Student: 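Input: one structure, supplied below.
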Amino acid sequence: MNITEIAVPGYERVARAEDPERGFTALIAVHDTTLGPALGGLRIWKYASVAEAQVDVLRLARGMTYKSAVARTGLGGGKAVIVGDARKDKSDALLSWMGRFIDSFAGRYITAEDVGTSVLDLDVIARETRHVAGRAREVGGSGDPSPWTALGTFVSMEAALLHQTGSAAFRGRKVAIQGMGHVGYWLARHLAEAGAQLLVADLDPARVERVVKEFAATAVPPDQILGAECDVLAPCALGAVLNDRTLPNLRCKVVCGAANNQLAEDRHGLLLKERGILYAPDYVVNAGGILNISVELAPGGYDSAQAEQKVRGIAQSLKGVLDRAQREGIPTARAADLEAQTLLAAARGKARAAS
Ligand code: NAD
């Protein structure tokens with residue numbers, strides 16, 4: 001394996017691994033380990049070039065630092081990518097090779113599942129390195145993160161509603177959910193139990209039918225869900241759903257969902273603020289999965305009661321961000337980034353003082 005170090009300002013370590021004979025190329029970026037070892041998933045994606053993969057791994061690693069900081073996981077941020085098509089190129093040989101690359105970081109980078117990788121792939125990687133998290137419960141891992149992401153989204157919604165309307169109660173409220181997948185389904189369950197009226201959409205009619213039957217939800221065509229009149233809109237499917245085309249049609253008081261990168265561009269956070277819609281920043285809301293993983297990495301091992309306590313704590317983290325945005329008169333997404341930077345600076349200051 002040829003490993004090339006890449007100097008990137010603001011990043012602790014970035015490296016590229018190549019195996020020209022077998023055509024393998026991968027990158028690992030460790031953005032910041034001030035708060036703990038860098039955790040971030042392994043993505044396998046058909047990047048057009050290695051340069052494009054590098055841009056992506058840097059962006060994602062930095063995002064993990066911020067997400068973990070605000071969620072107080074006790075972890076830093078990193079990410080790994082393999083250049084390739086997960087359906088065609090993924091093999092035990094590729095994953096084992098990647099496991100050895102991860103191991104060369106000696107625990108400063110810990111990998112997990114992401115787009116293009118599964119829990120079964122993690123088992124293959126784990127034969128080469130112990131720096132793997134988010135594995136199945138049967139092998140001592142923290143299991144499926146989705147119900148935890150949904151719980152974190154639910155408690156975030158309560159905090160956002162309280163901030164925006166003065167009441168966190170769901171009875172008599174309408175919540176529109178885009179995407180009835182792993183997270184959307186569990187979120188619908190929490191909301192139905194809390195008495196919310198649900199409007200739901202998915203491209204897969206069977207997924208919609210299930211929640212209509214189980215939770216008396218109302219089905220909405222996928223192309224109408226973002227414009228549905230509701231108290232809370234919960235994007236739980238795709239990124240970039242808050243854009244120039246969709247923003248003028250929103251008819252909600254709050255946007256709070258699990259999808260990653262909901263704002264097409266930063267300026268859309270400002271546009272939401274100007275329209276009087278409270279945006280609960282995605283990476284604060286959807287940290288339940290990573291908090292669950294952080295419990296797996298704690299000295300005593302995984303404990304679901306501790307995971308629940310940590311995930312419920314997202315409400316408090318979000319409150320801190322929303323209060324800051326209000327105090328400083330800035331968009332909530334900007335407040336989340338500032339909150340992360342403040343926490344990192346404080347930890348760096350403490351470390352300096354101790355040394
Ligand atoms: P999933 O693939 O299980 O579900 C997504 C659902 O959205 C699918 O049912 C799909 O059919 C539907 N969908 C796609 N396009 C749609 C459209 N235009 N209109 C309506 N429905 C559409 O994914 P998931 O695990 O439930 O994750 C949902 C989102 O949350 C993703 O953006 C993911 O990145 C993010 N997220 C998930 C987790 C987690 O723990 N699973 C953690 C953090 C963030």
Side-chain angles (χ1 to χ4, degrees), residues 39-43 45 56 59-60 63-64 66-68 70-71 73 77 79 86 112-119 122 133-136 141-157 175-191 198-212 217-228 233-243 245-246 249 255-264 280-296 307 310-311 314 318:
L39 179 84
L42 165 62
R43 180 167 293 194
W45 192 251
D56 207 33
R59 178 181 68 85
L60 293 166
M64 290 308 295
Y66 279 35
K67 181 173 185 158
S68 255
V70 177
T73 60
K79 200 82 186 181
E113 209 183 315
D114 196 68
V115 177
T117 51
S118 69
V119 171
L122 296 183
R135 298 186 66 202
S142 51
D144 181 6
S146 305
W148 300 103
T149 304
L151 176 62
T153 308
F154 174 71
V155 298
S156 294
M157 244 183 231
V175 180
I177 312 177
Q178 181 192 42
M180 284 293 111
H182 292 99
V183 178
Y185 172 80
W186 285 99
L187 177 61
R189 174 176 285 265
H190 286 299
L191 287 165
L198 298 176
L199 307 172
V200 299
D202 199 290
L203 300 179
D204 180 348
R207 291 189 169 183
V208 173
E209 203 177 310
R210 184 179 175 202
V211 286
V212 166
T218 303
V220 174
D223 61 351
Q224 287 171 30
I225 193 75
L226 295 174
L233 171 66
C236 294
L238 312 162
V241 288
L242 305 171
N243 56 45
R245 195 174 46 80
T246 59
N249 303 323
V255 176
C256 179
N260 281 312
N261 305 317
Q262 290 168 35
L263 298 173
D282 45 19
Y283 74 76
V284 182
V285 170
N286 69 20
I290 194 172
L291 274 164
N292 188 50
I293 288 183
S294 73
V295 177
E296 171 184 341
K310 283 199 172 198
V311 173
I314 291 176
L318 179 62

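Computed over heavy atoms, backbone and side chain alike; hydrogens, waters and symmetry mates excluded. Whatever order the structure lists them in is the order used to number ligands and atoms, beginning at 1. Small disclaimer: the values here were computed from a predicted structure and weren't measured.
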Student: Can an N or O of Pro222 be found at a distance shorter than 3.5 Å from an N or O of ligand 1?
Tutor: no
Student: Considering only protein heavy atoms, determine whether one is less than 4.0 Å from atom 3 (O) of ligand 1.
Tutor: yes
Student: To check your reading of the model: name the closest protein heavy atom to atom 21 (N) of ligand 1, its residue, and the distance in Å.
Tutor: Asp202 CA, 3.4 Å
Student: For atom 18 (N) of ligand 1, what is the closest protein heavy atom, and at what distance to 0.1 Å?
Tutor: Leu238 CD1, 3.6 Å
Student: Just heavy atoms, cut-off under 4.0 Å: does Pro145 contact ligand 1 by side chain, backbone, both, or neither?
Tutor: both
Student: Considering only heavy atoms of Cys236, which atoms of ligand 1 have at least one such atom less than 4.0 Å away?
Tutor: 5 (C), 28 (C), 29 (C)
Student: Nearest heavy atom to atom 32 (O) of ligand 1: which of Ala201, Gly152, Gly239, Ala237 does it belong to?
Tutor: Ala237
Student: Would you say the side chains of Asn249 and Thr246 form a donor-acceptor pair under 3.5 Å?
Tutor: no
Student: Mark up the atoms of ligand 1 that fall under 4.0 Å of a heavy atom belonging to Gly179, in ascending order.
Tutor: 7 (O), 21 (N)
Student: Of the backbone atoms (N, CA, C, O) and the side-chain heavy atoms from C-beta on, which set of Gln178 has a member under 4.0 Å from an atom of ligand 1: side chain, backbone, both, or neither?
Tutor: side chain
Student: Is there a nitrogen or oxygen of His182 sitting under 3.5 Å from a nitrogen or oxygen of ligand 1?
Tutor: yes
Student: Quick one: look up the protein heavy atom nearest atom 40 (O) of ligand 1 and list residue, atom name and how far away it is.
Tutor: Thr149 OG1, 2.7 Å
Student: Would you check the N or O atoms of Val183, main chain and side chain alike, for any that come under 3.5 Å of an N or O of ligand 1?
Tutor: yes
Student: Can you confirm, on distance only, whether ligand 1 has an N/O atom lying under 3.5 Å from any N/O atom belonging to Ala258?
Tutor: yes
Student: Below the 3.5 angstrom mark, is there an N/O of Arg207, backbone or side chain, next to an N/O of ligand 1?
Tutor: yes
Student: At under 4.0 Å between heavy atoms, is it the side chain or the backbone of Leu203 that contacts ligand 1, or both, or neither?
Tutor: both
